[in-house]
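Counting starts at 1 for both ligands and their atoms, in listed order. Since the model is a prediction, treat every value here as computed from it, not as a measurement.
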Amino acid sequence: MAGIVVVGSQWGDEGKGKITNFISQDSDMVVRYQGGNNAGHTIYVDGKKFELSSVPSGIFNPNRLAVIGNGCVVNPKALLAELHEIQEKGVTTENLRISDRAHVIFPYHMLIDQLADAKKGDGKIGTTGRGIGPTYMDKAARVGIRIVDLLDEEILRERLANVLAEKNEVLEKIYDHAPFDLEELVAEYVAYGQKLKPYIVDTTVLINEYLDDNKRVLFEGAQGAMLDIDQGTYPYVTSSSPVGGGATIGAGVGPTKITRVVGVAKAYTSRVGDGPFPTELFDEVGDRIREIGHEYGVVTKRPRRIGWLDTVVLRHSARIGGFTHLSLNSLDVLSGLETVKLAVAYELDGQRITHYPASLKDVQRVTPVYEELPGWSEDITGIKSRDELPANAENYLKRVEELIGVPLYTFAVGPSNEQTIILFDIWNKE
Ligand code: IMP
């Protein structure tokens with residue numbers, strides 16, 4: 001058994017952190033392979049709440065390595081602050097490793113992210129403003145600065161001088177904003193480099209060594225499939241590849257090393273930021289789910305948009321992500337509703353479609369085709385096994401499995417670890 005990938009199958013915030021934390025209990029390494037501190041993973045360890053943004057959830061066990069892979073973008077200042085916070089709560093961070101090839105988020109990336117999105121007016125993406133998109137843009141444009149560059153002042157100054165000349169011109173001429181000072185940035189980022197130096201390695205060598213030694217490596221995706229730059233609701237997406245395949249590129253391992261992909265979903269849908277959302281609810285059912293499910297962004301605190309579970313979306317995510325299993329969270333949030341709805345298809349111009357259209361205009365025009373199932377009024381937050389579920393809740397789970405064509409690995413009836421029902425040992429599953 002080698003690599004397991006955990007991915008979000010909706011628009012992020014599906015509770016991947018919790019599932020990752022479980023699977024990682026028996027792993028030797030946890031690798032983040034894309035995104036940056038736009039992600040927000042809430043994890044409870046020994047009764048303490050941790051909100052991780054850049055740090056992989058593998059950090060909580062000193063015998064396990066927690067790796068920030070080459071596909072990630074790193075804000076050194078935010079990362080150091082996060083590490084400090086974790087250390088303050090009594091957790092060592094010596095087991096962290098950061099790829100020397102990961103790209104660095106600079107203040108100009110954050111500023112341009114915020115200014116550019118605001119300039120789009122009604123067409124804004126609603127980014128987290130953390131500079132993620134502009135950093136990946138620079139990576140693709142081959143003007144990015146990598147973690148390794150922070151360790152060499154001469155190279156850093158040279159690269160930064162080139163890139164800053166253009167960024168400052170953009171800031172001043174397009175956004176009427178004050179420029180950044182080269183030497184101030186060099187000094188600040190050289191200092192970050194020195195602080196992060198003990199963690200910086202060629203993570204591809206490390207990860208592949210672990211895999212070759214038959215150690216258990218867990219790849220942790222951030223965001224979700226519908227925010228994937230290729231397969232998501234473009235342009236309302238993030239700038240990286242949260243899907244299962246992203247793990248190969250963002251961690252530097254071959255696709256043959258991935259043996260399982262667990263797609264994580266909530267029993268309903270939530271979304272922060274803008275973009276189409278066919279099953280969105282604008283009524284009191286949506287408000288009720290938002291309140292009971294505490295649906296407010298970890299990073300931005302924004303209220304999340306809420307909707308019914310959309311199996312068109314989940315089938316799309318399962319297809320492109322190669323899901324072998326599904327984890328369904330927050331089933332308890334649906335308790336007490338008279339009926340629960342599942343979108344099984346869409347209707348577009350009188351035609352029934354079962355796939356997610358590429359055209360945003362089409363997505364905006366579709367009407368979800370719902371299957372309405374009887375709800376359950378029982379409190380399920382204390383159940384310990386699948387057979388303790390009320391019949392209607394079990395029906396709901398079974399129907400989701402059928403519609404996605406992927407079996408459940410876990411389901412959750414509340415936020416704490418004990419409230420996640422694990423159906424089998426995924427590392428030893430035949
Ligand atoms: P960016 O990743 O900051 O560029 O934002 C692009 C889109 O992805 C926006 O709609 C964000 O709200 C969304 N997004 C980014 N990270 C997350 C996340 O961790 N959870 C949910 N949505 C996210």
- Indicate the ring-plane relationship of Tyr189 and Tyr192, choosing parallel, tilted or perpendicular according to the 30° and 60° boundaries.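 Ring orientation, 0 to 90° scale: perpendicular.
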- Task: Classify the angle between the aromatic ring planes of Tyr396 and Trp376 as parallel (below 30°), tilted (30 to 60°) or perpendicular (above 60°).
- Result: tilted
- Message: Among residues at least two apart in sequence or on other chains, which ones pass ring pair (Phe, Tyr, Trp, His ring centres under 6.0 Å) with Phe50?
- Response: Phe60
- Item | Contacts of type side-chain hydrogen bond (donor to acceptor under 3.5 Å, both in side chains), residue Asp274, not counting sequence neighbours | Lys124
- Query: Only one of Ile19, Leu326, Asp13 forms a side chain to side chain contact (heavy atoms under 4.5 Å, CB included) with Val264, so which one is it?
  - Reply: Ile19
For ligand 1, list all ligand N or O to protein N or O distances below 3.5 Å, rounded to 0.1 Å.
unit_1, atom_1, unit_2, atom_2, d
ligand 1, 2 (O), Asn38, ND2, 2.8
ligand 1, 2 (O), Thr238, OG1, 2.6
ligand 1, 3 (O), Thr128, N, 2.9
ligand 1, 3 (O), Thr128, OG1, 2.6
ligand 1, 12 (O), Gly126, O, 3.4
ligand 1, 12 (O), Arg302, NH2, 3.2
ligand 1, 16 (N), Asn38, O, 3.4
ligand 1, 16 (N), Gln223, NE2, 3.2
ligand 1, 19 (O), Asn38, O, 3.4
ligand 1, 20 (N), Asp13, OD1, 3.2
ligand 1, 20 (N), Asp13, OD2, 3.4

- Task: Can you tell me which residue pairs pass the ring pair (Phe, Tyr, Trp, His ring centres under 6.0 Å) test with a partner in residues 260-281, sequence neighbours excluded?
- Result: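 Matches after skipping sequence neighbours: Trp11-Phe277.
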